[in-house]
Amino acid sequence: MRTVLAIFLLLCSSFAHATKLREETRQAFSRYDQQLQQRFQRALKSPSFHSAKQGEVAIAAVPGVPEIPGGIIHDWVGVVFVPGTTLAKALALLEDYDHHKDVYKSEVVDSRLLSQKGDEFRSYMRFYKKKIIGVTLNTEHLARWVQTSPTTAYSISHSTKIAEVEDAGTNHEREKPPGDDNGFLWALNSYWTLVQKDGGVYVQCEAVSLTRDIPSGLGWIVKPFITEVPKESLHNTLDSTRRALISGR
């Protein structure tokens, strides 16, 4: 047993600092995100939520995501219908960054609003996710929430900083340089659409993220985190939003 543990720790140790975000990877993700923004703006003219069923979170991978050098783009879209709530309540919940750590506590360890200027919000969130290995990330985001009618609103949120935390929760805690780490998350942008109708609110979120690619030899450690976490996190976010709105938090 000790031999197995020693091998596991050695492999994890050898994996540290194994990759670095390359400029060509960053640019490829940026190009994809720009195309996504254009598609999102077109979709806002006639939002559709046919796949949403009451009480269920519908999740699907967005087709046509390109392969890029040095990384992987993950693009998932999810929608949930929340009966008996209003657009105003949904906006109040999603804009309350100080309490995201309470609403989304399965993954958000800490959160706070850094600043607000009109409809723009700068926020901080500390994420923790475990999938074979545990990863803590300090992140900052810039989001714009826009209400386009009494029953419709949208948001575009972009990460402005993502730093992996080493020895989180200890006296030796420190942030690794963004983009020079294990590559579990290099970027996270989200596109929200809220529509009040049918006696409730449809909440849709498309989350696009950038991670490292899967290294040969250590895929059994890294692959579950890289391939499964984006979908799981989006599902948890939408389900937690639904639960909070239903409970009237």
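- Nearest heavy-atom pair, Trp76 versus Leu234, reported as atom, atom and distance to 0.1 Å: O-CD2, 3.5 Å.
- Formation of a donor-acceptor pair under 3.5 Å by the Gln35 side chain with backbone atoms of Gln37 is not found in this model.
- In this structure, Ser30 contributes its side chain and Arg26 its backbone to no donor-acceptor pair below 3.5 Å.
- Side-chain heavy-atom separations under 4.5 angstrom define the hydrophobic clusters, and the remaining members of the one that includes Leu36 are Leu21, Phe29, Tyr32, Phe40, Leu44, Val62, Val65, Ile68, Ile73, Val77, Val146, Tyr154, Ile156, Trp186, Tyr191, Val208, Leu210.
- The residues Asp75 and Arg39 are annotated as salt-bridged, a charged nitrogen and a carboxylate oxygen being separated by less than 4.0 angstrom.
- When atom types are taken as modelled, the side chain of Ser240 and the backbone of Thr237 share no donor-acceptor pair closer than 3.5 angstrom.
- Between Arg144 and Asp119 there is a salt bridge, with a side-chain nitrogen of the basic residue lying less than 4.0 Å from a carboxylate oxygen of the acidic one.
- Between Arg242 and Asp239, at least one side-chain N (NZ, or NE/NH1/NH2) sits under 4.0 Å from a carboxylate O, which counts as a salt bridge.
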Check step by step if side chain to side chain donor-acceptor pair (under 3.5 Å) holds for Thr193 and Tyr202. CA-CA 8 Å; Thr193 306; Tyr202 290 88; over 6 Å; no
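- Judged by distance alone, the side chains of Thr160 and His141 never bring a donor and an acceptor atom under 3.5 Å apart.
- Under the 3.5 Å distance criterion, with hydrogens and angles disregarded, no donor-acceptor pair is assigned to the side chains of Glu232 and Asn236.
- Considering all non-hydrogen atoms of both residues, Leu238 and Cys205 come closest at CD2-CB, 4.1 Å.
- In terms of modelled atom types and a separation under 3.5 Å, the side chain of Thr19 and the main chain of Asn182 share no donor-acceptor contact.
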Show your working on salt bridge (Lys or Arg N to Asp or Glu O under 4.0 Å) between Arg126 and Glu173 and close with a plain yes or no. CA-CA 13 Å; Arg126 170 175 278 209; Glu173 177 180 308; 2.6 Å; yes
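- Closest heavy-atom contact between Ile59 and Gly78: CD1-CA, 3.8 Å.
- Across Pro47 and Val195, no two heavy atoms sit closer than the pair CG-CG2, 3.9 Å.
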Test side chain to side chain donor-acceptor pair (under 3.5 Å) applied to Glu164 and Thr136, step by step: CA-CA 6 Å; Glu164 187 176 331; Thr136 299; over 6 Å; no
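- Under the 4.5 Å side-chain heavy-atom criterion for Ile, Leu, Val, Met, Phe, Trp and Tyr, Val165 and Phe127 are members of distinct hydrophobic clusters.
- For the residue pair Ile246 and Val82, the shortest heavy atom distance occurs at CG1-CG1, 3.9 Å.
- Defined by atom type and a distance below 3.5 Å, a donor-acceptor pair is present between the side-chain atoms of Gln27 and Glu23.
- In Lys101, the NZ atom is crowded: over 12 heavy atoms of neighbouring residues, nucleotides or ligands sit closer than 6.0 Å.
- Counting only N and O atoms by type, the side chains of Glu140 and Ser159 include no donor and acceptor under 3.5 Å apart.
- Counting only distance, with no hydrogens or angles, the side chain of Ser247 and the backbone of Arg243 share a donor-acceptor pair below 3.5 Å.
- The minimum heavy-atom distance linking Leu194 with Ala90 is given by the pair CD1-CB, 4.3 Å.
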